[in-house]
K.L.:
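Quick one: the structure is below, and I'll ask about it shortly.
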2 protein chains.
Amino acid sequence: MVSKTCEYAIRAMLFIAQKSKSDIKVGVKHIAKAIDSPEPFIAKILQELSRKGLLQSAKGPTGGFFLDNAGLKQNLADIVVAVDGDKLFTGCGLGLKSCSEKKPCPIHDEFVAVRRQIKTMMKSATLDDYNTSLELGEKYLKR
Amino acid sequence: MVSKTCEYAIRAMLFIAQKSKSDIKVGVKHIAKAIDSPEPFIAKILQELSRKGLLQSAKGPTGGFFLDNAGLKQNLADIVVAVDGDKLFTGCGLGLKSCSEKKPCPIHDEFVAVRRQIKTMMKSATLDDYNTSLELGEKYLKR
DNA sequence: GAAATAAAAGAGTAAAAACTCTTTTATTTT
DNA sequence: AAAATAAAAGAGTTTTTACTCTTTTATTTC
């Protein structure tokens, strides 16, 4: 559904969101451990997202990645688009380039519905909104 | 959502289903042209599916690939599982190995709903069911 | 200002997915 | 039986995705 890179990105962003609530910046090592991902790989992903402005970073001791208030208002769809592009939300279910309302593939209408549901779901909650259930230990980012 | 291999497989199977309605066997060359796919690649995919029993084949002149009556009753989910496995229907949205009702990822419940919708959609119609709209030229397999 | 910490940047490697080519085997038509 | 047709099989290549390593640069603490 989304790339592995994107899965890591979402999990990392959710973890950073938690820490940012208490104004804590987190280093790559800490993040990698928390979401169980290869350290240099998640570093690269987050640098890319930081360049794109989806999160902030600070170098040096006590530095690390963090989210400002605007960042905490982002939703999962924002991350998915930044990492994978919008093919999940716009592509044809059978890979046809010019599949459209006018020239639909056999499953066009059904896929439009599925995609809409996915989009709605990914836009319905901000990173901040996930914090509570994560803090309560009702939801997990690891294993 | 599904692999490119799987997209080709579905499109080829839908095309073969059409031809099989009039008891016509189709060669790889013909199929590749009809669905706009690399010829040796779709050949390989169909050989694999034929080995798994999802369609039939005959060698020699007038030979080619075709579907028997049971084959025409298959749905898209059958093809997806044969090609990609069942990860689309069972995997975690964030790639967690032990994501479950007991230890859910933050988007577990929403993803269960999305996956159910996809599964329902892919099981709701047989290959045969798509024939009419394709014959009428309302739906397309190419471009 | 020296040492330590942590991200930035970029090159490099490994594995998987997508795609190709060649040879063989079976079947049918003439 | 010979020629032609078409799938079977398997090895090989290319591209993309996933992941690693090394060096540099910025910041902070002591």
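No hydrogens, no waters, no symmetry mates; every other heavy atom, side chains included, goes into these values. Convention: sequence-line order gives letters A, B, ...; per-chain numbering from 1.
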K.L.:
Rounded off to whole Å, could you give me the CD-to-C1' distance for the B:E48 and D:dG10 pair?
P.N.:
13 Å

K.L.:
Between D:dA18 atom C1' and A:I45 atom CD1, what is the distance in whole Å?
P.N.:
9 Å

K.L.:
May I have the distance from A:K52 (atom NZ) to C:dA8 (atom P), rounded to whole angstrom?
P.N.:
15 Å

K.L.:
Treating B:Q56 as the side-chain partner and B:D68 as the backbone partner, does any N or O pair qualify as donor plus acceptor under 3.5 Å?
P.N.:
yes

K.L.:
So which atom in B:Y130 and which in A:I107 form the shortest heavy-atom distance, rounded to 0.1 Å?
P.N.:
OH-CG2, 3.5 Å

K.L.:
How long is the line joining CG of B:L54 and P of D:dA7, in whole Å?
P.N.:
17 Å

K.L.:
Are any non-hydrogen side-chain atoms of A:L67 and A:M13 less than 4.5 angstrom apart?
P.N.:
yes

K.L.:
Between B:E48 and B:R51, does at least one N-O distance fall below 4.0 Å, as a salt bridge requires?
P.N.:
yes

K.L.:
Considering just the side-chain nitrogens and oxygens of A:S50, establish if one lies under 4.0 Å of OP1 or OP2 belonging to C:dA8.
P.N.:
yes

K.L.:
Considering only heavy atoms from C-beta outward, does the side chain of A:F41 approach that of A:T5 to under 4.5 Å?
P.N.:
yes

K.L.:
Please tell me which of the listed nucleotides, D:dA18, D:dT20, C:dT20, lies nearest to the side chain of A:P40?
P.N.:
D:dT20

K.L.:
Would you say the side chain of A:Q47 and the base of C:dA8 hold a donor-acceptor pair, judged only by whether the two atoms sit under 3.5 Å apart?
P.N.:
yes

K.L.:
Take atom NZ of A:K29 as the centre, draw a 6.0 Å sphere, and report whether it contains more than 12 heavy atoms from other residues, nucleotides or ligands.
P.N.:
no

K.L.:
Distance check: side-chain N/O of B:Y8 vs OP1/OP2 of C:dA18, anything under 4.0 Å?
P.N.:
no

K.L.:
Can you check the B:K25 NZ to C:dA26 P distance for me, whole Å?
P.N.:
18 Å

K.L.:
Specify the separation, in whole Å, of atom CG of B:L46 and atom P of D:dA9.
P.N.:
14 Å

K.L.:
Pick out the pairs of N or O atoms, protein on one side and nucleotides 3-6 of chain D on the other, that lie under 3.5 Å.
P.N.:
residue : atom : partner : partner atom : Å
D:dA6   : O4'  : B:G60   : O            : 3.2

K.L.:
Would the distance check show the side chain of B:R115 and the main-chain N or O of B:G91 forming a donor-acceptor pair, the cut-off being under 3.5 Å?
P.N.:
yes

K.L.:
I want to check one thing: is the phosphate of D:dA18, taken as OP1 and OP2, less than 4.0 Å away from some side-chain N or O of A:T5?
P.N.:
yes

K.L.:
Between A:M122 and A:N75, which heavy-atom pair has the shortest distance, and what is it?
P.N.:
O-CB, 3.3 Å

K.L.:
Any donor-acceptor pair under 3.5 Å linking the side chain of A:S50 with the backbone of A:L46?
P.N.:
no

K.L.:
Tell me: CZ of B:F41 to P of D:dG12, nearest whole Å?
P.N.:
19 Å

K.L.:
Heavy atom of residues 85-98 of chain A under 4.0 Å from DNA chain D: which residues?
P.N.:
none

K.L.:
Does D:dA7 have its OP1 or OP2 closer than 4.0 Å to a side-chain nitrogen or oxygen of B:R51?
P.N.:
no

K.L.:
Output the rounded distance in Å from CD (A:E39) to P (D:dT22).
P.N.:
14 Å

